[in-house]
Amino acid sequence: MLRFFDSMQGKLSPKGSALITRHGDIDFERRTALVGVLNVTPDSFSDGGRYLDPENAIARGVKLAEEGADLIDIGGESSRPGARPVSAEEELERVVPVIRGLRRALSVPLSIDTYKARVARVAIEEGVDVVNDISAMRFDPEMVRVIAAAKVPVVLMHMQGTPRTMQERPYYRDVVEEVKGFLQKRIEFALESGVGPEQILVDPGIGFGKELEHNLALLRGLPALASLGRPILVGPSRKTFIGKILGVGPEERLEGSLAAAVAAVLAGANMIRIHDVREARRAIGIADALRYGSVHG
Ligand code: HH2
């Protein structure tokens with residue numbers, strides 16, 4: 001495995017203000033990077049079944065890139081509570097044709113949304129640039145070895161419990177401090193295991209083992225995560241907390257998602273994971289102008 005990965009490389013720039021990948025750099029020094037969501041699943045909470053067919057998924061990925069996605073995040077297993085767990089084989093059967101198709105069609109960086117080391121390894125071999133692990137490398141002990149060997153960036157996300165159990169009465173004394181402490185420990189684990197500091201991004205895990213009040217506290221408390229010294233990714237898109245505030249279903253959460261994304265950017269997020277990239281580009285254009293004084297018209 002090590003030999004296979006000899007030529008693989010991806011990392012943050014020395015100032016930590018860009019992700020350098022084999023398929024181009026994602027600059028977030030003076031603008032927010034957008035991560036387009038591409039779920040190749042039958043049961044994702046907002047777009048399940050729409051992109052299970054590889055042709056549809058590839059077309060969707062191309063569209064996300066045209067709309068301004070800086071990174072396309074491909075997932076082959078839903079993490080919503082109650083979703084059916086899938087084997088690595090099944091996950092690979094879903095995502096590999098899509099990775100291949102997108103690699104032929106696009107030069108945009110790709111990420112794989114998986115907590116399984118085998119899926120991550122094969123995806124990297126197929127041309128994926130970043131690993132997005134919702135378990136922060138806890139669920140599969142092999143994951144950290146794959147990341148260290150491949151030298152690709154990894155997103156370490158906070159979750160309380162597992163996707164199956166996470167919404168059964170999540171409890172925190174101080175959610176911001178606890179999420180920050182967890183991410184700090186996962187960063188230390190990664191560094192001790194041979195992952196470079198320049199490979200690591202963090203994510204507070206909106207909706208993963210959190211009630212409405214926890215999600216709001218985290219968005220409000222995002223500035224506290226800056227002291228971790230890593231770029232921050234936030235994924236509010238179409239999530240239940242928006243539905244709870246506005247009383248709307250997943251298909252009516254666009255405005256709420258954009259508002260939450262703008263709030264996250266103004267509180268310090270560097271990357272936003274979102275389904276509606278075209279609309280997010282516009283909404284976040286305003287947030288970027290406010291935060292960085294940058295106008296990209
Ligand atoms: N949210 C989801 C999945 N992966 N990864 C990161 N880093 N951050 C997130 O907030 C995040 C994530 C859940 O959203 P979605 O992919 O739309 O749904 P599902 O898990 O049902 O496929």
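Whatever order the structure lists them in is the order used to number ligands and atoms, beginning at 1. Small disclaimer: the values here were computed from a predicted structure and weren't measured.
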Apply the test side-chain hydrogen bond (donor to acceptor under 3.5 Å, both in side chains) to residues Ser227 and Lys180: give CA-CA distance (whole Å), side-chain angles for both, the deciding distance (0.1 Å), then the verdict. CA-CA 9 Å; Ser227 62; Lys180 186 175 150 192; 3.2 Å; yes

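- Heavy atoms of Asn39 come nearer than 4.0 angstrom to ligand 1 in at least one pair.
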Salt bridge (Lys or Arg N to Asp or Glu O under 4.0 Å) for Asp129 and Arg103? Distances and angles first, verdict last. CA-CA 11 Å; Asp129 304 279; Arg103 267 288 145 261; 3.0 Å; yes

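- Distances below 4.0 Å separate heavy atoms of Ile134 from the following atoms of ligand 1: 4 (N), 5 (N), 12 (C).
- For the side chain to side chain contact (heavy atoms under 4.5 Å, CB included) criterion with His214, the lone passing option out of Phe241, Tyr172, Tyr171 is Tyr172.
- For ligand 1, the atoms sitting less than 4.0 Å from at least one non-hydrogen atom of Asp113 are 3 (C), 4 (N), 12 (C), numbered in the order shown with element in parentheses.
- Protein heavy atom at the shortest distance from atom 10 (O) of ligand 1 is Lys239 NZ, 2.7 Å.
- Neither the backbone nor the side chain of Asp73 comes within 4.0 Å of ligand 1, counting heavy atoms alone.
- A salt bridge is absent between Lys116 and Glu142; no separation between the charged side-chain nitrogens and carboxylate oxygens falls under 4.0 Å.
- By the 3.5 Å distance cut-off applied to N or O atoms, Phe45 is counted among the residues near ligand 1.
- Proximity of a side-chain donor or acceptor of Arg22 to a complementary backbone N or O of Val128 within less than 3.5 Å is detected.
- What sits closest to atom 5 (N) of ligand 1 on the protein, heavy atoms only, is Asn132 ND2, 3.0 Å.
- The shortest side-chain heavy-atom distance between Arg273 and Asp113 falls under the 4.5 Å cut-off.
- For Phe208 and His158, the ring centers sit 6.0 Å or farther from each other.
- In terms of polar-atom proximity, Ser78 is counted as a contact of ligand 1, with an N or O under 3.5 Å from an N or O of the ligand.
- Side-chain contact between Asn56 and Arg50: absent, with no pair of heavy atoms (C-beta onward) separated by less than 4.5 Å.
- The ligand atoms of ligand 1 that sit less than 4.0 angstrom from a heavy atom of Gly235 are 10 (O).
- Ion pairing of Arg31 with Asp70 is present here, as a side-chain N (NZ or NE/NH1/NH2) and a carboxylate O approach within less than 4.0 Å.
- None of Leu216, Ile242, Thr240, Asn215 except one satisfies the side chain to side chain contact (heavy atoms under 4.5 Å, CB included) rule with Ile206; the exception is Asn215.
- Some N or O of Arg273 is nearer than 3.5 Å to an N or O of ligand 1, by distance alone.
- Checked by distance only, ligand 1 and Asp203 come closer than 3.5 Å through their nitrogen or oxygen atoms.
- Among all non-hydrogen protein atoms, the one lying nearest atom 20 (O) of ligand 1 is Ser79 OG, 2.6 Å.
- Assignment of His275 to the shell around ligand 1 is supported, since a heavy atom sits closer than 4.0 Å.
- Atoms of ligand 1 lying under 4.0 Å from any heavy atom of Arg80, numbered from 1 in the order shown and given with element: 20 (O), 21 (O).
- Protein heavy atom nearest atom 22 (O) of ligand 1, with residue, atom name and distance: Ser44 OG, 2.5 Å.
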